[in-house]
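Scroll down for the structure; my scribbles are underneath it.
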Amino acid sequence: MTRLMVALSALVLALFCLSLLVGPARIAPADSLLGLLRGGLDPVAMVMREIRLPRAILAVLVGGSLGLAGAAMQGYLRNPLAEPGLIGVSASAALGAVIAIQSGLAAAFVLVLPLMALAGALVGVMLVLVLAGPRDGALTLILAGIAISAMAGAITQLVLNLSKNPFAVNEIVFWMMGSLADRSLTHVWLALPFTLLGWLVLARLGRGLDALTLGEDAAATLGVHLGRLRLLLVLGTACVVGASTAVAGTIGFVGLVVPHLLRPLVGAQPSRLLPASALGGAAMVLAADIAVRLVVPERDLKLGVLTALVGAPLFLHLIYKTRKEQP
Amino acid sequence: MSVLELQNLSVSLRGRQIFRDVALSVQKGEMVGLIGPNGAGKTTLMRAALGLVAHGGHSSLAGMTPMARARAVAWMPQSREIAWPVSIEALVRLGRMPHHGARLSAEDHAAVARALDHMGLGDMRSRTVTRLSGGEQARALIARALAQETDLLMADEPIAGLDPAHQIATMQMFQRLATDGRAVLVSLHDLGLAARHCARLVVLGQGGIQADGPPAKVLTPDLLARVFGITAYHAQTPQGHIFQPLEVL
């Protein structure tokens, strides 16, 4: 393990612990960590187990997913501006959630919303695969992703447009901003299998992505099965992004900025960027989720709003740096 | 021993026939130059031989599994794509991908070092490849293909854009590979270098192979007029073949 990986792991661990210690319920740090180990109906233990622990775990799952999927997508498309939402999964997952809220089903049972978001992601990814066709090119995949994103976005807008229920509209708008507040361990159990499966699939793409540094033809003659690589990339991304969107809403900029930031630190090799970017994404979402609790604790600042607020200037800085390096 | 065997190979792209009934056999120890005017289908012929383009007929490479093919032939596309600012050494290591498992073995490291030395890049191995000049990038990409250490090396215009010294050095290096018992199939536009360094030339034009043999037999005034539409000066001198295109017909 390189020094960078050790440093990133330590950062994630530290932020994870910090995330457990921060919250409106004023509990002393030692008490809160002890509370985690204590069972029963003790209020401190309840707060820790039911509120803070799921939140911290979800931040790691969601952030790791977005960072990993972003690095894989950028590696596959050989474009530093690619991001996991590009293949339309986040937009179609969001549509599933929006329909759940608008139809009132979400109020009936807490898991209806994430389950419908997962169903939306599944439909989205099937459509993308059908549209992109059996050939193994990257261009058709981008076009199919854009088409599905636009379509899902348009239907989401239509639902908002025609909705006669102002409460549902309000809820949809806030849900789409992305948040980890008030999530339970049930959400963790729902997201965990998809996330782990997706991580497993994406983490194994490193070699193929490395070969793609030389272009599709050279990669194919280095023994990379490009059709399979694309299929695994799409399925892995759909798993992790679908699960993330289902439990946290849409959280932008993490999958775009984190791989970009870490690329120079791994010698720009896609295979080394994958694990680094997963840890970096987890750290960024953990930090952002701590920040939303600290900056304006009395107002419910949304996580997705904060990542975009922090991510966009960071990105501008990167553009500025890239411009300076160009002749 | 044959490393490439093409029979009745034909390719049509978007309803247009590029070439048909191409038969070609390349043996170990051969350095074969593939020449022909723009649009004759040199790139398509090599990509079809590799199985990267849908084709009719038979190619010995196209039927292999991707992994077996990667150990049989190294391919250098014409577009010198390098997507990320990796180091020269990391780029050259990609050539070992068909050979190693999770980690590079001592043999892999030795092959990378040999390839770097062949191309005179040993001292530059940690430089970022995207910050190099076009010629240096081309050499790094050739080193990557060399590191693959396959019996056959196929390269699409590998010397375009190199300075004369590196053009000659690259052609001589290909010749050495052939002398050492490997085979090289290389497409070229510079007929002078092709005539000088390739023991065998294959001319592609007008939908098929027009000539196949030693340069002196292939580069006849009639063929040059018919396929390339040029005249040329061609002489056998103590310094070897001298070939200089002269006029457009």
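Letters A, B, ... mirror the listed sequences (proteins, then strands); counts begin at 1.
- B/Pro85 and A/Ala268 get closest at one heavy-atom pair: O-CB, 3.6 Å.
- Remark: A/Met126 CE is loosely packed, at most 12 non-hydrogen atoms of other residues, nucleotides or ligands lying under 6.0 Å away.
- Ranking B/Arg69, B/Met64, B/Arg80 against chain A, the residue ahead of the rest is B/Arg69, based on heavy-atom pairs under 4.5 Å.
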Step-by-step side chain to side chain contact (heavy atoms under 4.5 Å, CB included) determination, B/Gln148 to A/Leu222
CA-CA 9 Å; B/Gln148 212 169 327; A/Leu222 279 169; 3.5 Å; yes

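- Within 6.0 Å of CG in B/Asp180 there are more than 12 heavy atoms belonging to other residues, nucleotides or ligands.
- Using a 4.5 Å cut-off between heavy atoms, B/Leu61 does not touch chain A at all.
- Neither the backbone nor the side chain of A/Pro264 comes within contact range of chain B; no heavy atom of the residue lies under 4.5 Å from a heavy atom of that chain.
- Proximity to chain A (any heavy atom under 4.5 Å) is shown, for B/Arg93, by neither the backbone nor the side chain.
- A cation-pi contact links A/Arg263 to B/Trp84, judged by a cut-off of 6.0 Å to the six-membered ring centre and 45° from its axis.
- Environment of CZ in A/Phe253: crowded, with over 12 heavy atoms of neighbouring residues, nucleotides or ligands closer than 6.0 Å.
- We find the CZ-CG distance between B/Arg144 and A/Leu214 to be 5.0 Å, quoted to the nearest 0.5 Å.
- You'll find the side chain of A/Arg207 stays beyond 4.5 Å of the side chain of B/Leu94, heavy atoms only.
- Counting heavy atoms from C-beta outward, A/Arg78 and B/Glu81 have side chains that approach closer than 4.5 Å.
- Shown here is B/Met173, whose CE atom has more than 12 heavy atoms of other residues, nucleotides or ligands within 6.0 Å.
- Side-chain contact between A/Thr221 and B/Leu50: present, with at least one pair of heavy atoms (C-beta onward) separated by less than 4.5 Å.
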